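So the structure is just underneath, and the comments pick up after that.
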Amino acid sequence: MAWVSWDQLEDLRTYRIGVVRGYRNVPEFDALVADGTLKVKEAANDQLNLLKLVYGRLDLAVIDEQVMQHWLSHEPLLRQNADKLTFAKQLLGEPTMHVCFIPGEAGEQARLLLNQGLQQIQHYQASGSGNAGR
């Protein structure tokens, strides 16, 4: 498997890059797509982009590493071809995550549960017991 080496996102201009239709990526990448510097091919979902990689229809795909691992574990065709796919060590960036809740008691309850779970993860990571994410 050939590694793609790049210093700036503009260096990716010669590659066929798969993205998921409607997904936002890091702002710098999306800006280069919007101004035509980077050419992307849209797919309905990450699974299709991975299959396009397997069959050589893409050179790269923008995907979260855990999502990729999920599909490699759960999709038989991808599992059979896992040796043809690798996750790049160089990331496009670290996007932020946001959660929205509906107003009212149910939304407030969901927010409290999420915050409790996040505190448990932080405690687990701080204790050195494991790596629950980046």
Side-chain angles (χ1 to χ4, degrees):
M1 163 132 331
W3 288 93
V4 173
S5 178
W6 56 279
D7 295 314
Q8 303 174 75
L9 287 173
E10 291 86 349
D11 297 339
L12 301 175
R13 75 178 77 219
T14 60
Y15 295 99
R16 299 170 298 169
I17 305 170
V19 297
V20 175
R21 186 177 308 110
Y23 281 16
R24 287 188 186 160
N25 299 294
V26 293
E28 299 82 7
F29 180 88
D30 287 344
L32 292 172
V33 171
D35 75 12
T37 300
L38 296 178
K39 304 290 188 233
V40 297
K41 299 195 178 288
E42 292 185 339
N45 56 51
D46 289 309
Q47 181 184 9
L48 289 173
N49 274 336
L50 291 173
L51 288 168
K52 288 179 182 182
L53 283 169
V54 167
Y55 292 115
R57 293 179 52 208
L58 292 175
D59 301 308
L60 311 166
V62 178
I63 189 171
D64 177 83
E65 185 175 14
Q66 293 173 345
V67 172
M68 179 178 162
Q69 291 307 320
H70 168 82
W71 285 117
L72 292 178
S73 298
H74 291 87
E75 168 58 44
L77 187 54
L78 289 171
R79 188 171 41 245
Q80 293 169 9
N81 289 282
D83 61 325
K84 296 179 182 175
L85 300 170
T86 189
F87 193 84
K89 303 231 183 304
Q90 185 175 359
L91 302 178
L92 293 181
E94 293 278 343
T96 59
M97 300 294 284
H98 304 271
V99 179
C100 300
F101 301 96
I102 58 171
E105 189 175 326
E108 180 63 15
Q109 192 65 12
R111 185 187 67 78
L112 290 171
L113 286 171
L114 176 65
N115 285 340
Q116 287 173 356
L118 291 172
Q119 287 173 352
Q120 289 174 347
I121 291 170
Q122 288 174 335
H123 175 73
Y124 184 72
Q125 287 177 328
S127 72
S129 300
N131 182 9
R134 289 191 238 199

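As a basis for the values below, the full set of heavy atoms in this structure was taken, side chains included, without hydrogen atoms, waters or symmetry mates. The structure displayed is predicted, hence computed values, not measured ones.
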Evaluate whether atom NZ of Lys52 has more than 12 neighbouring non-hydrogen atoms of other residues, nucleotides or ligands under 6.0 angstrom away.
yes
May I ask you to test the Phe101-Leu112 pair for a side-chain heavy-atom distance under 4.5 Å?
no
Decide whether Tyr15 and Val33 are clustered together by the hydrophobic rule: side chain heavy atoms of Ile, Leu, Val, Met, Phe, Trp, Tyr closer than 4.5 Å, transitively.
yes
Rounded distance [0.5 Å steps], CG in Leu72 versus CG in Leu50
6.0 Å
What pairs with Leu118 under side-chain contact (heavy atoms from CB on, under 4.5 Å), at least two apart in sequence or on another chain?
Leu114, Asn115
Drop me the distance from Gln120's CD to Gln116's CD, to the nearest 0.5 angstrom.
7.0 Å
Would you compute the distance between atom CG of Leu48 and atom CG of Leu58 and round it to the nearest 0.5 angstrom?
10.0 Å
ILVMFWY cluster, Leu78 and Leu53 together (side-chain gap under 4.5 Å)
yes
What pairs meet the ring pair (Phe, Tyr, Trp, His ring centres under 6.0 Å) rule with one or both residues in residues 36-83, with sequence neighbours excluded?
His70-His74
Arg21: which residues meet the salt bridge (charged side-chain N to carboxylate O under 4.0 Å, His left out) condition with it, sequence neighbours left out?
Glu42
Flag yes if more than 12 heavy atoms outside Gln90 fall under 6.0 Å of its CD atom; otherwise flag no.
yes
How long is the gap from CD on Glu108 to CZ on Arg111, to the nearest 0.5 Å?
4.0 Å
With a cut-off of 6.0 Å (strictly less than), are more than 12 heavy atoms of other residues, nucleotides or ligands near CZ of Arg57?
no
Rounding to 0.5 Å, atoms CZ (Arg79) and CG (Leu85) come to a distance of 13.5 Å
Distance-only, no hydrogens or angles: does the Asn49 side chain make a donor-acceptor pair with backbone N or O of Val19 under 3.5 Å?
yes
Could you walk me through whether Asp46 and Asp64 pass the side-chain contact (heavy atoms from CB on, under 4.5 Å) test, one step at a time?
CA-CA 9 Å; Asp46 289 309; Asp64 177 83; over 6 Å; no
Heavy-atom check, side chain of Leu12 versus side chain of Leu92, under 4.5 Å:
yes
Hydrophobic cluster (4.5 angstrom, side-chain heavy atoms) - remaining members for Ile102:
none
Would you say the side chain of Glu10 lies within less than 4.5 Å of the side chain of Leu32, judging by non-hydrogen atoms?
yes
Could you check if a side-chain atom of Phe87 sits within less than 4.5 angstrom of a side-chain atom of Ile63, using non-hydrogen atoms only?
yes
Could you measure the distance from the CD atom of Gln47 to the CE atom of Met68? Nearest 0.5 Å is fine.
13.5 Å
Mind checking what makes side-chain contact (heavy atoms from CB on, under 4.5 Å) contact with Glu28, not counting sequence neighbours?
Leu9, Val26
With Asp59 via salt bridge (charged side-chain N to carboxylate O under 4.0 Å, His left out) - residues at least two apart
Arg16
